[in-house]
Amino acid sequence: MTDQRDKLCVALDGSDRDWIASTARTLAPQVGWLKLGLEAFTAFGPELVIEIAELDTRVFFDIKLHDIPNTVRRAAANCAATGAAMFNVHASGGRAMLSAAIEGAAEGSAAHPPKVLAVTVLTSLDHGALTELGFDHDPNELVVRWARLAHEVGLDGVVASAREAPAIRRECGPDFLIVTPGIRPGWSATGDQRRVMTPSDAIAAGADILVIGRPITGAKFPDKAVTRVIEELG
Ligand code: C5P
């Protein structure tokens with residue numbers, strides 16, 4: 001990916017349909033990806049995903065599927081049929097579920113199957129939170145372990161913290177996509193994200209696509225915030 005726009009994915013989190021649609025139309029020419037997640041999906045359903053996927057950009061459908069393999073395969077086919085270019089599942093669903101997600105993606109869009117990513121460890125979880133859940137591992141070890149599994153099964157990449165990107169790159173090679181939320185330009189607030197990195201540091205660490213939400217969508221002029229991030233990437 002040489003175009004800086006392809007490295008940028010703006011998260012359109014919100015429950016205001018008009019705001020999502022108009023922000024999508026404004027930002028579509030500027031960024032390679034727009035992300036629709038659970039908040040928008042549970043409010044407006046696949047119709048909104050289909051509408052945004054028709055714009056001149058690509059949709060990352062951040063639906064984070066996690067269920068038994070048969071259900072995930074069918075849901076993955078539905079995700080693919082929306083026209084989204086990428087969607088994700090939780091790596092913790094295990095090997096059979098990951099494999100079913102790939103099958104479903106091909107069933108739902110034989111001509112252009114979307115990329116399938118695995119969510120490793122949510123960037124809002126630190127070591128203490130993981131221990132409380134029974135995963136008494138360093139987050140870095142857990143991320144690499146789950147990324148290795150996703151790579152083995154044939155997924156296109158992972159969602160992970162940029163801090164884990166170098167280890168994932170070493171383990172999974174140059175063609176495995178590393179998509180990183182928890183990105184904060186120096187001029188923005190950290191909010192509830194715990195393991196954050198600036199856009200240029202994340203790219204230097206090996207990230208392929210940066211997911212940025214509130215620093216852009218919460219700015220007075222989101223298009224100017226995008227320009228600022230792209231300029232910072234150099
Ligand atoms: O507003 P902010 O930049 O924090 O948005 C980050 C986006 O990335 C949110 O949509 C969030 O759901 C998503 N995300 C995340 N951590 C993950 C996976 C996705 O923060 N591991």
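First listed ligand is number 1; within each ligand, the first listed atom is number 1.
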Near Asp13 (heavy-atom distance under 4.0 Å), the atoms of ligand 1 are 9 (C), 10 (O)

Under 4.0 Å to a heavy atom of Val211 - the qualifying atoms of ligand 1, by number:
7 (C), 8 (O)

Would you call the rings of His90 and His66 parallel, tilted or perpendicular, where under 30° means parallel and over 60° means perpendicular?
tilted

Sub-4.0 Å atoms of ligand 1 with respect to non-hydrogen atoms of Arg184
1 (O), 2 (P), 3 (O), 4 (O)

Basic-acidic side-chain contact under 4.0 Å: Glu103, Arg74:
no

Are any non-hydrogen side-chain atoms of Val179 and Cys9 less than 4.5 angstrom apart?
no

Pick one of side chain, backbone, both or neither for how Leu122 approaches ligand 1, counting any non-hydrogen atom pair under 4.0 Å.
both

Under-4.0 Å salt bridge between Arg58 and Asp6:
yes

Within the 4.0 Å heavy-atom shell around Arg214, which atoms of ligand 1 are there?
1 (O), 2 (P), 3 (O), 4 (O)

Min side-chain heavy-atom separation Leu117-Leu155 under 4.5 Å
no

Please tell me if the side chains of Pro139 and Asp126 come closer than 4.5 Å, counting only heavy atoms from C-beta onward.
no

Pick, from Pro181, Gly213, Gly37, Gly182, the option with the minimum heavy-atom distance to atom 17 (C) of ligand 1.
Pro181

Lys64 neighbourhood, listing ligand 1 atoms whose heavy-atom distance to it stays under 4.0 Å
12 (O), 18 (C), 19 (C)

Measuring from the heavy atoms of Glu39, does anything fall under 4.0 Å of ligand 1?
no

